Amino acid sequence: MSAAVLSVGAWRAEVRRWSPSLWIGIALLAVIVLAGIFAPWLTPYDPLRQDYGAALRPPGPGHWFGTDSLGRDIFTRSLYAIRTDLVIGFWTTYVPMVVGVLLGAYAGLVRGWFDAVLMRVIDTALAFPFLVLIIVILAILGPGTQNIYIAVFLVGWTMYARLARAEMLVEGGKDYILAARTLGYPTSRILLRHALPNIIGSSIVFSMSDFVLNILLVSGLSFLGLGVPAPTPEWGAMVAEGKDFMQQAWWISTLPGLMIVVTGVALALLGDGLTHRLGDRHVTGG
Amino acid sequence: MWIFRFVGLRLLQAIPVLLGITLVAFLAIHLVPGDPVRIMLQGRASDAAVAEINARLGLDQPLLVQYGRFVGRAVTGDLGTSIIQRAPVSKIVTERLIPSSFLLAYATLLSVLLAVPLAVWAAARRDRFADHVIRIAGTVSFAMPSFWIGLILILGFGLTLKWFPIAGFGQGFWGHVRHLFLPALTIALFLAPLLIQSLRAAMLDAMTAEHVEVARAKGLGERRILFKYVLRAALIPVVTILAVNIGWMVSGSVIVESVFSVAGLGMLLVHAVSTRDYPVIQGLTLVFALMVIGVNLLADVACALIDRRTRNA
Amino acid sequence: MSPAADAGALLRVEALEIAFRVRGGDVLATRGVSFEVRQGETLGLVGESGSGKSVLCRALLRLLPSPPAQIRGGRVLFDGVDLLALPEARMREIRGTDIAMVFQNPMTSLSPVWPIGDQVTEGLRIHRGLSKSAARDRGVELLRAIGIPDAARRYDDHPSQWSGGMLQRAVIAMAMACGPRLLLADEPTTALDVTIQEQILALLADLQAKNGMAMVLVSHDIGVVAETCDRIAVMYAGTLVETGPAAEVLGNPRHPYTLGLMRSSPRMDEHATRLQPIPGQPPDLARPAPGCPFVERCTFARDACRHESVRLREVAPGHASACLFPESVV
C-alpha cells in the first residue's frame, strides 16, 4: 500500500478503482469539511450574535436557512456547527479506535489472562445500551464537551477491541504469523508490522458507521441538554431549540437536522465504498 | 429437556457480566466527585441531615460492604430509595417499564414488517433498480437522527395531518398502539435499514446455496423453497441482528421517549440525570443492562429453536 | 454417435446449445451437444472442470438460473417428450420422480436446519402425497437400503451430525426416493475421501442394477467413469469430442484429449510409469476460435486443425471422435 502511494501511475490506478459511492462520499465530505473551515468567509453573520429584530425569519435570500427565535442566522450556525460536530465525531471515533484495535489485537495475539480480563470488561460495557452508559458517565462527571470525550472514549474502544481481537484470532492461526513467531520476532513487531495491516481493514470500515453514530450520539446528547453547552453552534442543540416552534417555524429544527443527515450519508457512502475497495484486496504483511 | 440445560448454561456464562454491570451500577453513585447526597439536596440541607441520609443509605460503610449489600438487595428486587421522589426505586422503575417495553416491542414489529418485504424484494431484484433504491433509502434512513425524524413525523402526521397523537402513552391497548405509532416508527426507521441489509445478504446466500438447488432438483415449487429453505435459513441473521442492536434500540428509545413525552425508562433517566437523582440512575443502569442481557438470551433460545447446530455452542 | 434413434433411448439430447450472458458478451457453455442414454445403462460424462459437464446436467433438469443462462437451441427428449418445451409445472413433476440428481458436495446438499429424514422423504410427500408417517416408514427403509445403520433412530438427525460419506448416502437416498428412471450424478464422489469414493460408486452401481434405472455419471476423473460405465462421452470446452462404448473408448481412444485424460488419471495409471498432465489451459469460451478447440494443447496438431471445423464422426461402429485425424492418435 505504501508503494502505491508513492508513484503517480499507481495512484491513478487506485483512483480508477473507486466505486461511485466512494467518489460521492469523498466529494460530499470534502465539501462539508471545506465549508466548516471557510465558514467565516461563506457568511456575513456571526453565529452567536443575537438580533431580536430578525427573529423567526423564514428561509429566504437574506437568511438561506432562516433565523431562530433569538434572531441568529441558522445557515451560519449550521456551518459553524460543522466544526463542533465533525471535530467531536472525529476524535470520539479515532482515539478509541487506535486504543481499541491495539488492545484487542494484543489480546488476540497473546491470549491468556490479559485476554480473559479484557473480554469480561468488554462484555460488561457492551451489555449496556451505549447511550445509557454515556448518560450515566455524564451524570457522574457532569455535562460538557470535555466530559463527552471522556465518556465516549471509556465506552467506544470496546467495540474496536472486540472486532480487532476476533480478526486477530483468525489471522493469528495463519502461517505468516506462525512463521514470524518461529523466527523469534518480538511480539510488538509481529503485532504492528505483520498482523495489524491485515486486521485494520474491518475496523476502518466499521469506523465510518461509528463516525455517523458518534455524530448522532453527540447531537442526541446535546438535544437532551447533556451535551455541548448552550451558545456553541451544534446541530443537535439547534434542533432542540426549534422543537417548541415546530408549527410556526419549521426551519429551526429541520434544516440543522438535514446537515446531520447529509454528513451521515457522506460518511456512510465512504464506508460503503471502502468496504468494497478493501474487500477485494488482501494486504500482505509488511 | 435441552432448553432448560441451554438456558441454565447461558445464565451461568452470564455471571461475570452480571457482576460487571452491578459493579458499574454501584459505582454510579460512588464515583461522583464530592458528596452525592449534598449534590442531590443542592446544599439545602444541614450537616446533620446529610449525615442522617448518608447513614440511612449506608454510604458511611466501607465500599466493599456497601457493594455486597447493594448486590444482596438488588437480587431481592430492592434498588434503594429515590431521595427526590421519596419512593422506592424499584416501584418507580416498574411503572415506567411497561411503556418502554411496549415501545421496544412495537418498534421491533414495525421494523420487521418494513424490512422483510423490502429485503425479499431487494434480494429478488439484486443489482437492479429496486435494489439500489432500497439500499440508498436505507443509507439515508440510517443517517437520520431519531430526534429529528421524530420532530418531522410530529410536524407531518401529528400537527399537519392530525392522524396520530404526538405525545403520551394513551389509554388501553389500542390507545397505546395509536399513541406509540410515531415513536415506534421513528425507532424502526433506524433499525429497518440494518435488518434489510443483513436479511438481503442472508437471502442471497441462502438462495444460491447448493441445498436450494438440490431442493429444486427434487421438484419442489418456488414458494415452498422460499419459505421452507430460504427464509428459514435467513431468519437466524434477523434474530441475531435484532439482538445485537437491542442496545441501540434502547438508546434510541431514550431519545424518542423524550421527543414524544412517553413516560418510560428513557425519560426517567434523562429526568433523573437532570435532577441528579443518583439512586434512580443507579437502578436504571442495572435495569437497562438486564434488559439487554435478557433480550440476548431470548435471541439465543430463538436461534437454537431455528437451528439445532447452535444448541451446543 | 450413431444418428439412428435406438428404440431403447430413454434420454436423447440433440444439438443442445447453452449460453451465459455475462458483462462483455456471451459465453457458450455447450455447443451443439448430442448424445443419448438408453434404458438401464450408465453413461460416463468426463472432462476437465469448466468443460460444461455440470451445466449440461443442470440444463437437462432445467435448473440453470435464467438470466444469465440461456438455452439457445436443441432438444432434450425424455421418453420422446421435449423437456425444454414443457411448462414449468409439468417439469417440476418430472424432477425428483422421473429424473433425479445427486450433487457434488454432500455437506451443502442438505439444508442445515432440517432433520435429514424429512429432507429425504420430502419428494415422496410432495410428489406421491404420502402422509407424514407413511413417508417416515419409507424413509427409514430408504436409509437402511443405502447402508445407514440404526436408520430409524438416525432419521431425525441433522446434517451437522453426519459425516460427508453418510450425507452423500442420504442425498442418494433422497434422489432414489420416488424411484427415478434416470439418475444424474454430478461428481458424486469428488468431495469425499478416496476410500469412501469406492463405496459410493459401488452403492450407485448396486442401486442402478436393482432398480434398472439409467444413470449419467459426471466426473473429471476418467478412472472413476472407467469402472462403472457402459458408455463414455468425453467433453471438452463445451463440445463432445469422443463418445462410444467404455471398453472401445478406453481401449482404443480416438481423440488426443481422451488419451490425455487417461494418462493424467491416477486410476488408469496401473501400467504407465508416471502421470502426464495435459499441458496448457482450455480455450476462452467467450471467444471461440475456428478449428479444433483442443489444437493449442494437442501434441498431434497439424495445420488443418486450426482452420477446419470439427464434429463427431464415427470411427468404428458406435464409436465417434471429433478429431480430424483420429488414426494418428496413439
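In what follows, every heavy atom counts, from backbone to side chain, and hydrogens, waters and symmetry copies are set aside. So that the names make sense, note that chain A is the first sequence line, chain B the second, and so on, each numbered from 1. Not measured: the values here are computed from a predicted model.
- Taking CE from A/Met246 and CD1 from B/Ile166, the interatomic distance works out to 10.0 Å, rounded to the nearest 0.5 Å.
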Worksheet item: Going through the checks in order, is the side-chain contact (heavy atoms from CB on, under 4.5 Å) test met by B/Phe142 and A/Leu213?
Response: CA-CA 9 Å; B/Phe142 176 75; A/Leu213 290 170; 4.0 Å; yes
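- Interatomic distance, A/Ser21 OG to B/His132 NE2, rounded to the nearest 0.5 Å: 10.5 Å.
- Contact tally against chain A (heavy-atom pairs below 4.5 Å) for B/Ile255, B/Leu19, B/Thr139: the top residue is B/Ile255.
- Proximity to chain A is limited to the side chain of B/Tyr278, based on heavy atoms less than 4.5 angstrom apart.
- The CD1 atom of A/Ile134 lies 9.0 Å from the OG atom of B/Ser251; values are rounded to the nearest 0.5 Å.
- For B/Ile154, no part lies under 4.5 angstrom from a heavy atom of chain A.
- Aromatic ring pairs are classed by plane angle as parallel below 30°, tilted from 30° to 60° and perpendicular above 60°; the pair B/Trp248 and A/Phe130 is tilted.
- Contact annotation for A/Val212: only side-chain heavy atoms (C-beta onward) come within less than 4.5 Å of a heavy atom of chain B.
- Listed options A/Ala268, A/Ser253, A/Gly242 were ranked by heavy-atom pairs under 4.5 angstrom with chain B; first place goes to A/Ser253.
- Neither the backbone nor the side chain of A/Ile215 has a heavy atom closer than 4.5 Å to any heavy atom of chain B.
- Heavy atoms from other residues, nucleotides or ligands lying under 6.0 Å from CZ of B/Arg96 number more than 12.
- Around the CD atom of A/Gln248, the shell of radius 6.0 Å holds more than 12 heavy atoms that belong to other residues, nucleotides or ligands.
- Taking every heavy atom of both residues into account, B/Pro16 and A/Thr124 meet most closely at O-OG1, 4.5 Å.
- Closest non-hydrogen pair, A/Gly142 versus B/Arg276, comes out as CA-NH2, 3.9 Å.
- For the pairing with B/Pro145, the side chain to side chain contact (heavy atoms under 4.5 Å, CB included) check across A/Leu216, A/Val239, A/Leu217 returns one residue only, A/Leu216.
- Heavy-atom pairs under 4.5 Å with chain A peak, among B/Leu269, B/Ile246, B/Leu265, at B/Leu269.
- You'll find the side chain of A/Leu226 stays beyond 4.5 Å of the side chain of B/Ser274, heavy atoms only.
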Discussion item. Would B/Val250 and A/Phe128 count as a side-chain contact (heavy atoms from CB on, under 4.5 Å) here? Give the steps.
Written reply: CA-CA 9 Å; B/Val250 172; A/Phe128 291 97; over 6 Å; no
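- Note that CD1 of A/Ile137 is 11.0 Å distant from CG of B/Leu27, once rounded to the nearest 0.5 Å.
- Looking only at side-chain heavy atoms (C-beta outward), A/Pro129 and B/Val292 come within less than 4.5 Å of each other.
- Neither the backbone nor the side chain of A/Leu138 comes within contact range of chain B, judged by heavy atoms closer than 4.5 Å.
- Looking only at side-chain heavy atoms (C-beta outward), B/Phe288 and A/Val136 stay at 4.5 Å or farther from each other.
- Here the side chains of B/Leu284 and A/Val132 are not in contact, with every heavy-atom distance at 4.5 Å or above.
- For B/Thr285, the parts lying near chain A are the backbone and the side chain together; criterion is any non-hydrogen pair under 4.5 Å.
- For A/Trp91, the CH2 atom is loosely surrounded, since the number of other residues' heavy atoms within 6.0 Å does not exceed 12.
- Atom CG of B/Leu151 and atom CG of A/Asp244 lie 9.5 Å apart (nearest 0.5 Å).
- No side-chain heavy atom of B/Trp148 sits under 4.5 Å from any side-chain heavy atom of A/Ile260.
- Heavy-atom distances place both the backbone and the side chain of A/Leu258 under 4.5 Å from chain B.
- At most 12 non-hydrogen atoms from other residues, nucleotides or ligands lie less than 6.0 angstrom from CD of B/Gln197.
- Taken to the nearest 0.5 Å, the CG atom of A/Leu224 stands 13.5 Å off from the NE2 atom of B/His271.
- With chain A as the partner, the residue from B/Leu23, B/Val270, B/Ile281, B/Val24 showing the most heavy-atom pairs under 4.5 Å is B/Val24.
- For B/Val17, the parts lying near chain A are the backbone and the side chain together; criterion is any non-hydrogen pair under 4.5 Å.
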